[in-house]
Undergrad: 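Before we start, here is the structure in question, set down as C-alpha coordinates.
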Amino acid sequence: MKQPAKTLWFDRPRYVYVEFCVENSSDVKLDIEEKKLVFSCKNEDGEELYNEIELYDKVQPKDSREKRSDRSITFFVRKLKEKVAWPRLTKEKHKPAWLNVDFDNWRDWELDEETEMAALEEYAEMMDKVKEKPTPPSMDDLDDD
(Lines give C-alpha, C1' and ligand atoms only; values in the text may rest on other atoms or scores of the structure.)
Protein backbone atom coordinates (compact mmCIF):
# COMPACT_ATOMS: atom_id res chain seq x y z
CA MET A 1 0.00 0.00 0.00
CA LYS A 2 1.31 3.44 -0.92
CA GLN A 3 1.54 6.05 1.77
CA PRO A 4 2.21 9.79 1.45
CA ALA A 5 5.65 11.26 2.12
CA LYS A 6 5.95 13.91 4.81
CA THR A 7 5.91 17.20 2.89
CA LEU A 8 6.98 20.72 3.78
CA TRP A 9 6.29 23.84 1.75
CA PHE A 10 6.92 27.58 1.74
CA ASP A 11 6.07 30.50 -0.51
CA ARG A 12 8.24 33.10 -2.27
CA PRO A 13 7.39 35.79 -4.85
CA ARG A 14 8.28 33.65 -7.90
CA TYR A 15 8.33 30.07 -6.61
CA VAL A 16 6.58 27.71 -4.25
CA TYR A 17 9.06 25.34 -2.61
CA VAL A 18 7.83 21.81 -1.93
CA GLU A 19 10.08 19.41 -0.03
CA PHE A 20 9.31 15.70 0.18
CA CYS A 21 11.16 14.37 3.24
CA VAL A 22 12.35 10.93 2.16
CA GLU A 23 15.80 9.68 3.13
CA ASN A 24 17.79 7.74 0.52
CA SER A 25 14.97 7.79 -2.02
CA SER A 26 14.95 5.79 -5.24
CA ASP A 27 12.72 5.55 -8.33
CA VAL A 28 11.75 9.20 -7.92
CA LYS A 29 9.03 10.33 -10.33
CA LEU A 30 7.51 13.76 -10.54
CA ASP A 31 4.76 15.02 -12.77
CA ILE A 32 4.08 18.75 -12.63
CA GLU A 33 0.99 19.98 -14.44
CA GLU A 34 -0.50 23.45 -14.51
CA LYS A 35 -2.68 22.81 -11.41
CA LYS A 36 -1.35 19.52 -10.03
CA LEU A 37 1.81 17.95 -8.66
CA VAL A 38 2.23 14.16 -8.45
CA PHE A 39 5.23 12.70 -6.63
CA SER A 40 6.22 9.09 -6.08
CA CYS A 41 9.32 7.23 -4.93
CA LYS A 42 10.59 4.39 -2.76
CA ASN A 43 12.19 5.02 0.60
CA GLU A 44 15.29 3.23 1.89
CA ASP A 45 13.12 0.32 3.13
CA GLY A 46 11.61 -0.13 -0.35
CA GLU A 47 8.18 1.22 0.66
CA GLU A 48 6.33 3.13 -2.04
CA LEU A 49 5.41 6.72 -1.26
CA TYR A 50 2.89 8.72 -3.27
CA ASN A 51 1.63 12.30 -3.01
CA GLU A 52 -0.88 13.99 -5.27
CA ILE A 53 -1.44 17.70 -4.72
CA GLU A 54 -4.10 19.83 -6.41
CA LEU A 55 -2.30 23.17 -6.30
CA TYR A 56 -3.74 26.42 -4.97
CA ASP A 57 -3.08 28.24 -8.26
CA LYS A 58 -1.57 27.64 -11.69
CA VAL A 59 2.17 27.02 -12.13
CA GLN A 60 4.65 26.88 -15.01
CA PRO A 61 5.64 23.19 -15.23
CA LYS A 62 8.47 23.69 -17.72
CA ASP A 63 10.16 26.36 -15.61
CA SER A 64 10.19 24.31 -12.39
CA ARG A 65 13.29 22.65 -10.92
CA GLU A 66 14.27 19.96 -8.45
CA LYS A 67 17.11 19.37 -6.02
CA ARG A 68 17.86 16.00 -4.44
CA SER A 69 19.82 15.24 -1.30
CA ASP A 70 20.22 12.15 0.89
CA ARG A 71 17.41 13.40 3.11
CA SER A 72 14.82 14.93 0.76
CA ILE A 73 13.70 15.98 -2.70
CA THR A 74 12.87 19.68 -3.08
CA PHE A 75 10.93 21.12 -5.99
CA PHE A 76 11.00 24.77 -6.93
CA VAL A 77 7.64 25.19 -8.62
CA ARG A 78 7.41 28.41 -10.68
CA LYS A 79 4.18 30.35 -10.14
CA LEU A 80 2.23 31.55 -13.15
CA LYS A 81 1.34 34.76 -11.29
CA GLU A 82 4.46 36.16 -9.65
CA LYS A 83 4.31 38.25 -6.49
CA VAL A 84 0.94 36.79 -5.52
CA ALA A 85 1.10 35.13 -2.12
CA TRP A 86 -0.31 31.65 -1.67
CA PRO A 87 -2.13 31.25 1.66
CA ARG A 88 -1.82 27.46 1.29
CA LEU A 89 -0.33 24.92 -1.12
CA THR A 90 -3.51 23.01 -1.87
CA LYS A 91 -6.63 24.02 -3.72
CA GLU A 92 -8.77 22.73 -0.87
CA LYS A 93 -8.83 24.54 2.45
CA HIS A 94 -8.51 21.16 4.19
CA LYS A 95 -4.85 20.45 5.02
CA PRO A 96 -3.71 16.83 4.76
CA ALA A 97 -1.93 15.44 7.86
CA TRP A 98 1.27 14.82 5.86
CA LEU A 99 1.57 18.44 4.66
CA ASN A 100 3.12 21.20 6.81
CA VAL A 101 4.45 24.73 6.39
CA ASP A 102 8.25 24.90 6.51
CA PHE A 103 8.48 27.57 9.21
CA ASP A 104 12.31 27.47 9.13
CA ASN A 105 12.14 28.94 5.63
CA TRP A 106 8.83 30.78 5.75
CA ARG A 107 9.00 34.54 5.35
CA ASP A 108 6.11 36.94 4.95
CA TRP A 109 7.62 38.50 1.85
CA GLU A 110 4.62 40.75 1.22
CA LEU A 111 5.31 42.56 4.49
CA ASP A 112 9.04 42.54 3.68
CA GLU A 113 8.39 44.74 0.64
CA GLU A 114 6.37 47.19 2.75
CA THR A 115 9.09 47.20 5.43
CA GLU A 116 11.78 47.82 2.80
CA MET A 117 9.81 50.74 1.35
CA ALA A 118 9.31 52.27 4.82
CA ALA A 119 13.03 51.91 5.58
CA LEU A 120 13.93 53.47 2.23
CA GLU A 121 11.61 56.43 2.85
CA GLU A 122 13.05 56.88 6.35
CA TYR A 123 16.58 56.83 4.91
CA ALA A 124 15.63 59.40 2.26
CA GLU A 125 14.17 61.70 4.94
CA MET A 126 17.33 61.34 7.03
CA MET A 127 19.49 62.21 4.01
CA ASP A 128 17.34 65.29 3.32
CA LYS A 129 17.87 66.46 6.92
CA VAL A 130 21.63 66.03 6.57
CA LYS A 131 21.63 68.05 3.36
CA GLU A 132 19.69 70.90 5.02
CA LYS A 133 22.53 72.73 6.74
CA PRO A 134 21.34 75.18 9.34
CA THR A 135 22.75 78.67 9.50
CA PRO A 136 26.01 78.57 11.47
CA PRO A 137 25.87 80.24 14.87
CA SER A 138 26.98 83.84 15.13
CA MET A 139 30.44 84.26 16.58
CA ASP A 140 30.06 87.99 17.24
CA ASP A 141 29.81 87.60 20.96
CA LEU A 142 33.20 85.92 21.35
CA ASP A 143 35.97 88.03 22.85
CA ASP A 144 39.33 88.50 21.14
CA ASP A 145 41.32 88.18 24.36
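Below, each value reflects all heavy atoms present in this structure, side chains not excepted, and no hydrogens, waters or symmetry copies.
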Undergrad: Check this for me: Lys95, atom NZ, are more than 12 non-hydrogen atoms of other residues, nucleotides or ligands nearer than 6.0 Å?
TA: yes
Undergrad: Using the rule that Ile, Leu, Val, Met, Phe, Trp and Tyr join whenever any side-chain heavy atoms are under 4.5 Å apart, tell me whether Val16 and Trp106 fall into a single cluster.
TA: yes
Undergrad: Is there a side-chain contact between Val18 and Phe39, using heavy atoms and a 4.5 Å cut-off?
TA: no
Undergrad: Is any NZ, NE, NH1 or NH2 atom of the basic residue among Arg65 and Asp63 found under 4.0 Å from an Asp or Glu carboxylate oxygen of the other?
TA: yes
Undergrad: Show the nearest heavy-atom pair for residues Leu99 and Trp9, with the distance to one decimal.
TA: CD1-CD1, 3.9 Å
Undergrad: For the residue pair Lys79 and Val84, what are the closest heavy atoms and their distance?
TA: NZ-O, 2.8 Å
Undergrad: Could you report the tightest heavy-atom contact between Leu49 and Pro4, atom names first, then the distance?
TA: CD2-O, 4.3 Å
Undergrad: Minimum heavy-atom separation for Arg12 to Asn105, with atom names?
TA: NH2-O, 2.8 Å
Undergrad: Under 4.0 Å between a side-chain nitrogen and a carboxylate oxygen: does that hold for Arg71 and Glu23?
TA: yes
Undergrad: Minimum heavy-atom separation for Leu8 and Val101, please, with both atom names.
TA: CD2-O, 4.3 Å
Undergrad: Side chain to side chain contact (heavy atoms under 4.5 Å, CB included), that's the test. Do Leu80 and Val59 meet it? Break it down for me.
TA: CA-CA 5 Å; Leu80 190 62; Val59 298; 5.9 Å; no
Undergrad: Nearest 0.5 Å, what's the CG-OG distance between Asn43 and Ser26?
TA: 8.0 Å
Undergrad: CG/Asp57 to NZ/Lys81 distance, rounded to the nearest 0.5 angstrom?
TA: 4.5 Å
Undergrad: In the structure I gave you, are the side-chain heavy atoms of Glu92 and Glu54 within less than 4.5 Å of one another anywhere?
TA: yes
Undergrad: Can you name the nearest heavy-atom pair linking Lys42 to Val22, along with the distance?
TA: O-CG1, 4.4 Å
Undergrad: Can you list every ring-ring contact (aromatic ring centres under 6.0 Å, His included) pair that touches residues 63-82, not counting sequence neighbours?
TA: Tyr17-Phe76, Phe20-Phe75
Undergrad: Under a 4.5 Å cut-off applied to non-hydrogen side-chain atoms, are Leu30 and Val38 in contact?
TA: no
Undergrad: Any side-chain to backbone donor/acceptor pair from Asp11 onto Trp86? Under 3.5 Å, distance only.
TA: yes
Undergrad: Roughly how far apart are Asp45 CG and Asn24 CG, rounded to 0.5 Å?
TA: 9.5 Å
Undergrad: Between Arg78 and Tyr15, does the side chain to side chain contact (heavy atoms under 4.5 Å, CB included) criterion hold? Intermediate values first, please.
TA: CA-CA 4 Å; Arg78 182 80 182 251; Tyr15 290 89; 3.5 Å; yes
